[in-house]
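The structure appears below as structure tokens.
Any value given below was found using the heavy atoms of this structure, including those in side chains, with hydrogens, waters and symmetry copies removed.
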Amino acid sequence: MTSEIKRQFTFRISQANPTEMIVILYEMTLQYLSDAAESAQQKNYAEYRENVRRARNCVSELLQSLHMEYEPAGALRQLYLYCIRRLSQAEVRWHTDLLQETAGIITPLRDAYRQIAPQNTAGPVMKNTQTVYAGLTYGKNTLTENMADQSPNRGMLV
């Protein structure tokens with residue numbers, strides 16, 4: 001994952017509500033799966049293993065975020081456990097088809113959560129973060145970001 005993609009994920013996480021956080025985790029999983037497939041194609045097995053491990057960690061985080069008192073949680077739990085098993089096998093056996101299988105499970109879930117995310121009216125999960133305004137300035141092709149609220153109380157409060 002490039003530093004630019006990491007920066008974008010970091011910004012989105014700082015502004016996301018709980019449902020958007022799930023969408024971001026799905027997208028991170030898919031990004032790591034894509035990176036792993038690319039690493040396998042380049043025969044870079046150390047990077048392949050690391051990307052598969054990170055994808056598995058994202059799925060583990062999705063598993064931990066389930067609220068088992070709600071109906072679809074049981075089915076999602078089984079899917080996540082299956083994905084974790086398949087990713088463990090992919091890491092050991094170097095099979096990119098297992099990565100594609102996992103991506104085939106994660107993609108429709110991401111799409112479903114992406115559709116319902118706007119219905120969640122809860123505020124951002126992270127409180128007291130910087131406000132970022134992005135806009136076109138200094139020309140029609142230049143995008144600059146402006147950080148507002150540069151107070152010393154920004155970030156996580158303990």
Side-chain angles (χ1 to χ4, degrees), residues 1-68 70-134 143 145 147 154-157:
M1 187 180 301
T2 65
S3 61
E4 176 63 24
I5 293 173
K6 287 179 185 177
R7 192 175 68 76
Q8 289 173 2
F9 278 131
T10 301
F11 168 72
R12 289 179 57 205
I13 287 168
S14 72
Q15 305 298 315
N17 67 34
T19 309
E20 292 167 342
M21 289 293 289
I22 300 300
V23 173
I24 293 168
L25 276 170
Y26 284 136
E27 290 174 355
M28 289 175 65
T29 303
L30 293 170
Q31 181 65 49
Y32 284 129
L33 291 173
S34 173
D35 291 350
E38 186 177 315
S39 298
Q41 190 175 32
Q42 296 172 355
K43 306 282 190 235
N44 186 342
Y45 296 119
E47 190 175 313
Y48 170 85
R49 253 185 267 129
E50 183 63 21
N51 285 315
V52 172
R53 184 188 63 77
R54 288 179 176 170
R56 193 174 61 239
N57 288 344
C58 288
V59 176
S60 294
E61 186 63 34
L62 287 164
L63 179 64
Q64 296 301 316
S65 72
L66 289 174
H67 293 277
M68 296 307 289
Y70 299 114
E71 179 55 37
L76 288 173
R77 181 178 184 275
Q78 294 303 317
L79 281 173
Y80 295 157
L81 290 172
Y82 178 77
C83 288
I84 290 169
R85 282 193 303 272
R86 298 306 271 175
L87 289 172
S88 295
Q89 292 170 349
E91 184 179 1
V92 172
R93 297 181 185 165
W94 312 99
H95 287 302
T96 57
D97 57 330
L98 297 176
L99 302 177
Q100 293 170 353
E101 179 184 351
T102 304
I105 294 169
I106 297 295
T107 301
L109 294 172
R110 182 218 39 210
D111 295 342
Y113 269 88
R114 189 181 280 165
Q115 285 182 339
I116 64 171
Q119 297 172 10
N120 187 340
T121 58
V125 174
M126 293 180 69
K127 303 290 185 204
N128 205 29
T129 60
Q130 285 181 313
T131 304
V132 178
Y133 299 99
L143 177 68
E145 293 180 349
M147 299 292 211
R154 63 187 178 93
M156 301 299 287
L157 295 177

Working to the nearest 0.5 Å, report the span between [atom1] of [X] and [atom2] of [Y].
X      : Y      : atom1 : atom2 : result
Ile116 : Asp111 : CD1   : CG    : 12.0 Å
Gln100 : His95  : CD    : NE2   : 12.5 Å
Leu66  : Arg77  : CG    : CZ    : 8.5 Å
Asn57  : Tyr32  : CG    : OH    : 9.0 Å
Ile84  : Leu79  : CD1   : CG    : 11.0 Å
Gln119 : Thr19  : CD    : OG1   : 9.0 Å

Check this for me, if you would: do Arg114 and Glu27 make a salt bridge, where the nitrogen-to-carboxylate-oxygen distance has to be below 4.0 angstrom? yes
Charged N-O contact under 4.0 Å between Glu91 and Arg49: no
Are there over 12 heavy-atom neighbours, none belonging to Glu71, within less than 6.0 Å of that residue's CD? no
Taking all atoms of both residues into account, what is the closest heavy-atom pair of [X] and [Y], and its distance?
X      : Y      : answer
Leu99  : Ala37  : CD1-N, 3.8 Å
Ala73  : His67  : CB-O, 3.3 Å
Cys83  : Ile106 : SG-CD1, 4.3 Å
Thr96  : Ala40  : CG2-CB, 3.6 Å
Pro108 : Ala103 : CD-O, 4.5 Å

Kindly indicate whether the side chain of [X], heavy atoms from C-beta on, has any atom under 4.5 Å from the side chain of [Y].
X     : Y      : result
Tyr82 : Glu101 : yes
Val52 : Tyr48  : yes
Leu63 : Leu81  : yes
Leu62 : Leu76  : no

Ile24 and Tyr113: side-chain contact (heavy atoms from CB on, under 4.5 Å), yes or no, with the steps? CA-CA 10 Å; Ile24 293 168; Tyr113 269 88; over 6 Å; no
When you compare the side chains of Tyr26 and Gln31, does any donor N or O come within less than 3.5 Å of an acceptor on the partner? no
Dump the intermediate steps for side-chain contact (heavy atoms from CB on, under 4.5 Å) on Met21 and Leu25, then the final yes or no. CA-CA 6 Å; Met21 289 293 289; Leu25 276 170; 5.7 Å; no
Looking at Ser34 and Leu30, would you say the former's side chain and the latter's main chain have a donor-acceptor pair under 3.5 Å? no
